[in-house]
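Convention: sequence-line order gives letters A, B, ...; per-chain numbering from 1. The shown structure was predicted, so the numbers you read here are calculated from the model rather than taken from an experiment.
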Amino acid sequence: MSDYKVQLDEVFEGPMDLLLYLIKKNEVDIYRIPISKITSQYMEYLDLMKMIVPDVAGEFVVMGATLMYIKSRMLLPEDQQVADPEAVADEMDPRWDLIRQLVEYKKFKEAAEDLQQRELFQESVYSRQQQGLGFDTPTEDGPSLGDLSVFDLLNAFNRVLKRSDAADDLRDIFEDRFTVSDKIDFILKLTAVEERTSFSRLFDGMASKTEIIVTFLALLELIRLRQLRVAQSESFGEIDIVRVKQEEAAAPAQTEGGETEPGSTSGPTNP
Amino acid sequence: MELKSLIEAILFAAQKPLPLKEIKAILARPDESGNSEITRAFKKAKESEISEAIERLKVDYTQQGRSFQIQEVAGAFHLISQPQFAPWLKQLFEERRSGRLSLPALETLAIIAYRQPITRADIEGVRGVAVDGVMQTLLERGLVTITGRAEVPGRPMLYGTTKSFLEHFGLSNINELPAVEELRRVNLNLPESTAPATPETPTPTDAQPATTPEAS
Amino acid sequence: MELKSLIEAILFAAQKPLPLKEIKAILARPDESGNSEITRAFKKAKESEISEAIERLKVDYTQQGRSFQIQEVAGAFHLISQPQFAPWLKQLFEERRSGRLSLPALETLAIIAYRQPITRADIEGVRGVAVDGVMQTLLERGLVTITGRAEVPGRPMLYGTTKSFLEHFGLSNINELPAVEELRRVNLNLPESTAPATPETPTPTDAQPATTPEAS
């Protein structure tokens with residue numbers, strides 16, 4: 001019994017669907033519905049549905065009533081059917097509204113089947129483009145992935161370190177003779193003279209790896225504080241360290257100028 | 001180098017379906033490394049020429065029995081694999097796309113597609129059942145959207161299909177739907193029927209004069 | 001259906017270079033919808049047959065002057081565009097890289113890069129917030145991947161960066177990250193886990209006990 005219920009619910013989406021089914025089953029022309037026959041079959045189905053699904057949808061009941069009404073109109077003697085002598089007899093066919101509705105519904109049902117075919121087709125084809133890597137849809141505001149460099153990564157990691165109060169540990173690691181704050185002073189002095197300094201010049205004469213790293217961290221710190229920014233006039237070209245003018249530094253969320261190209265080293269874009 | 005080959009390369013390497021306009025733009029600005037007579041010639045390619053080249057590629061693929069084809073979706077071109085390879089290619093992808101639509105959803109969608117902009121009441125008029133749940137699904141999946149309000153009492157919402165709809169069904173545009181002319185207006189399909197008095201009204205259920213059924 | 005065509009379709013749709021072994025595996029288990037004589041025949045294809053089919057495809061592509069070719073990289077096959085189209089295709093590539101990473105995503109990526117392999121709980125411990133959405137983005141973009149499971153109660157997944165990550169940042173290996181040795185030793189105040197005790201391990205994938213809460 002329960003199987004039957006599922007079947008009925010799935011098979012007939014509504015009264016129109018049931019009617020179309022009956023028309024097809026009886027192999028009759030939709031434009032010449034044998035209203036008596038169809039109505040009685042419809043009512044049988046409706047009773048069956050009521051047995052299985054007690055709260056059968058109201059639309060099915062309404063359609064049942066409509067069919068009964070049409071049937072009763074059809075039973076009237078022909079001269080009483082035509083109320084308006086001006087009208088074409090066929091226009092007054094009491095079935096007309098229903099036929100029009102059914103024809104329309106049938107067309108859309110076919111259109112839905114066509115859509116279903118297309119859906120199945122789309123499901124079985126794979127585009128070279130559906131990488132789903134998320135590159136096409138910008139997610140949130142943030143640095144463009146293409147513009148990111150390892151320095152951005154390092155910088156991001158540094159921010160995390162700062163937040164997790166690990167800065168003290170960080171300082172402890174490096175040898176005492178090189179401190180980030182010393183190197184900050186060094187870089188500030190260097191860039192005070194020239195507005196633009198080449199990146200490699202910062203490390204001139206540095207033999208110790210630790211010293212290079214500490215200098216580098218100092219540079220990142222200055223970039224973060226918006227005292228400096230990095231620029232690259234061409235891809236793979238020399239990276240320049242540029243002193244940020246004070247008015248520029250004061251402006252919040254100041255980002256890179258037009259000099260950097262996508263893919264080149266860019267300054268931090270953190271707030 | 002033929003334009004056809006270049007367009008194949010572009011479609012092959014593209015990350016998303018490309019409209020003609022974008023292909024044209026790509027042809028118009030090659031990297032300076034490609035600054036030769038050939039690149040200059042392609043710089044001025046017209047959309048019509050690109051379109052023709054795509055057509056020629058389509059013919060090639062069919063003739064050579066390639067494993068892929070060119071599809072136009074929402075006005076943009078991309079390469080897709082032939083459907084018969086799906087049993088194997090499925091494995092390359094962890095999950096399928098958003099899932100199939102139910103028949104009621106497809107019917108409702110068909111009505112909206114052909115009759116947009118259309119009110120919920122008019123959809124229900126065609127289907128003969130309430131469509132609340134189904135409409136909810138379609139709206140959530142972004143296949144239909146509210147396009148405005150009808151200038152009738154109560155100012156009900158009007159619904160239409162979206163770009164996602166075109167993408168979901170692999171349609172280039174709404175006119176690609178079969179029998180679109182016929183289905184947009186209700187009674188053209190009836191034999192000997194008179195044309196609707198208001199050809200400009202896309203919404204069918206109003207102003208629909210009862211017309212003659214088949215002369216018997 | 002020819003084996004050659006099927007392999008073309010697989011290479012066409014694949015998201016990464018495929019070794020012969022993987023192509024063989026794909027042929028061996030088609031979806032049940034493709035359960036026919038053809039699929040059964042391909043199920044038993046040998047690597048040598050696949051290899052031959054690839055060779056035949058290569059010949060086809062050369063003869064037909066296709067815009068792409070088959071390249072073998074580290075024993076894996078993929079389709080790549082012909083180099084002469086680079087002046088145009090570069091534009092598509094730039095576009096592809098224009099997707100944006102949010103700052104939380106960038107930070108999470110940095111943590112994973114410097115501390116891999118790392119569990120989600122540890123990442124969240126450092127960042128102080130849940131990272132579900134962000135991890136999803138990074139996984140989807142192929143920048144991070146699951147590298148294993150931590151040998152701790154619950155055996156949580158371990159995450160690490162991918163080859164794409166290295167390619168994207170132009171690194172040949174993870175040790176090329178700036179200040180990697182120093183930063184790997186920095187104590188992140190993780191709520192549960194202690195700092196890694198092995199400063200001598202520059203390679204991230206082996207012997208990285210950062211995720212093991214020893215005697216907490």
Side-chain angles (χ1 to χ4, degrees), chain B residues 1-18 22-36 38-40 42-43 45 50 53 57 60-61 63-69 78-96, chain C residues 1-16 18 22-23 25-36 38-40 42-43 45 57 60-61 63-69 79-99 139-140:
Chain B
M1 190 191 293
E2 268 188 276
L3 179 61
K4 194 174 74 170
S5 303
L6 174 55
I7 287 172
E8 178 178 59
I10 291 171
L11 292 177
F12 172 85
Q15 300 298 303
K16 58 176 197 305
L18 296 175
E22 250 176 84
I23 299 174
K24 188 171 182 274
I26 289 166
L27 295 175
R29 45 182 164 84
D31 188 65
E32 59 287 349
S33 69
N35 205 352
S36 69
I38 297 165
T39 62
R40 272 195 293 280
F42 291 147
K43 269 186 189 175
I50 296 165
L57 274 177
D60 283 4
Y61 292 170
Q63 282 176 354
Q64 297 164 355
R66 284 260 83 88
S67 314
F68 46 84
Q69 56 180 304
H78 67 156
L79 296 175
I80 56 169
S81 62
Q82 298 284 10
Q84 67 265 35
F85 300 111
W88 294 276
L89 302 190
K90 264 180 194 161
Q91 299 171 54
L92 296 168
F93 302 90
E94 276 178 17
E95 56 184 283
R96 278 317 286 141
Chain C
M1 191 191 292
E2 271 187 273
L3 179 62
K4 192 174 75 171
S5 302
L6 174 54
I7 288 172
E8 179 177 59
I10 292 171
L11 293 177
F12 171 87
Q15 308 291 303
K16 58 178 196 315
L18 296 176
E22 238 174 281
I23 298 175
I26 290 167
L27 295 176
R29 46 182 162 83
D31 186 69
E32 59 289 346
S33 69
N35 206 352
S36 69
I38 298 164
T39 62
R40 272 195 294 278
F42 291 147
K43 268 186 189 175
L57 272 178
D60 283 3
Y61 291 170
Q63 282 175 355
Q64 297 164 355
R66 284 260 84 88
S67 314
F68 44 85
Q69 54 183 312
L79 295 175
I80 57 165
S81 57
Q82 298 282 9
Q84 67 266 34
F85 301 110
W88 294 274
L89 302 191
K90 268 180 190 165
Q91 299 170 53
L92 295 168
F93 184 63
E94 274 165 25
E95 213 167 285
R96 169 169 53 176
R97 307 205 321 170
S98 69
L139 286 164
E140 276 170 14

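Options Ala25(C), Ser67(C), Ser5(C), Gly65(C) differ in how many heavy-atom pairs under 4.5 Å they form with chain B, and the most are formed by Ser67(C). Options Arg29(C), Lys4(C), Glu2(C) differ in how many heavy-atom pairs under 4.5 Å they form with chain B, and the most are formed by Arg29(C). Among the candidates Asp60(C), Leu79(C), Leu18(C), the residue making the largest number of heavy-atom pairs closer than 4.5 Å to chain B is Leu79(C).
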Glu22(B)/Lys16(B) under salt bridge (Lys or Arg N to Asp or Glu O under 4.0 Å): CA gap, chis, key distance, verdict
CA-CA 11 Å; Glu22(B) 250 176 84; Lys16(B) 58 176 197 305; 3.0 Å; yes
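Interface residue Ile80(C): only backbone heavy atoms are found under 4.5 Å from chain B. The part of Leu89(B) that comes within reach of chain C is its side chain, from C-beta onward, which places non-hydrogen atoms under 4.5 angstrom from that chain. For Ala28(B), no part sits under 4.5 Å from any heavy atom of chain C, backbone or side chain. For chain B, the nearby part of Gln64(C) is the side chain; its heavy atoms alone come within less than 4.5 Å.
The ring-ring contact (aromatic ring centres under 6.0 Å, His included) check on Phe12(C) picks up Phe68(B), with sequence neighbours excluded.
A donor-acceptor contact closer than 3.5 angstrom is absent between the side chains of Gln82(B) and Tyr61(B).
To the nearest 0.5 Å, atoms CG (Leu92(B)) and CD1 (Ile26(C)) are separated by 4.5 Å.
The two residues Lys43(C) and Pro30(C) come nearest to each other via the heavy atoms CE-CD, 3.6 Å.
Residues Ile10(B) and Phe85(C) fail the side-chain proximity criterion, which asks for heavy atoms closer than 4.5 Å.
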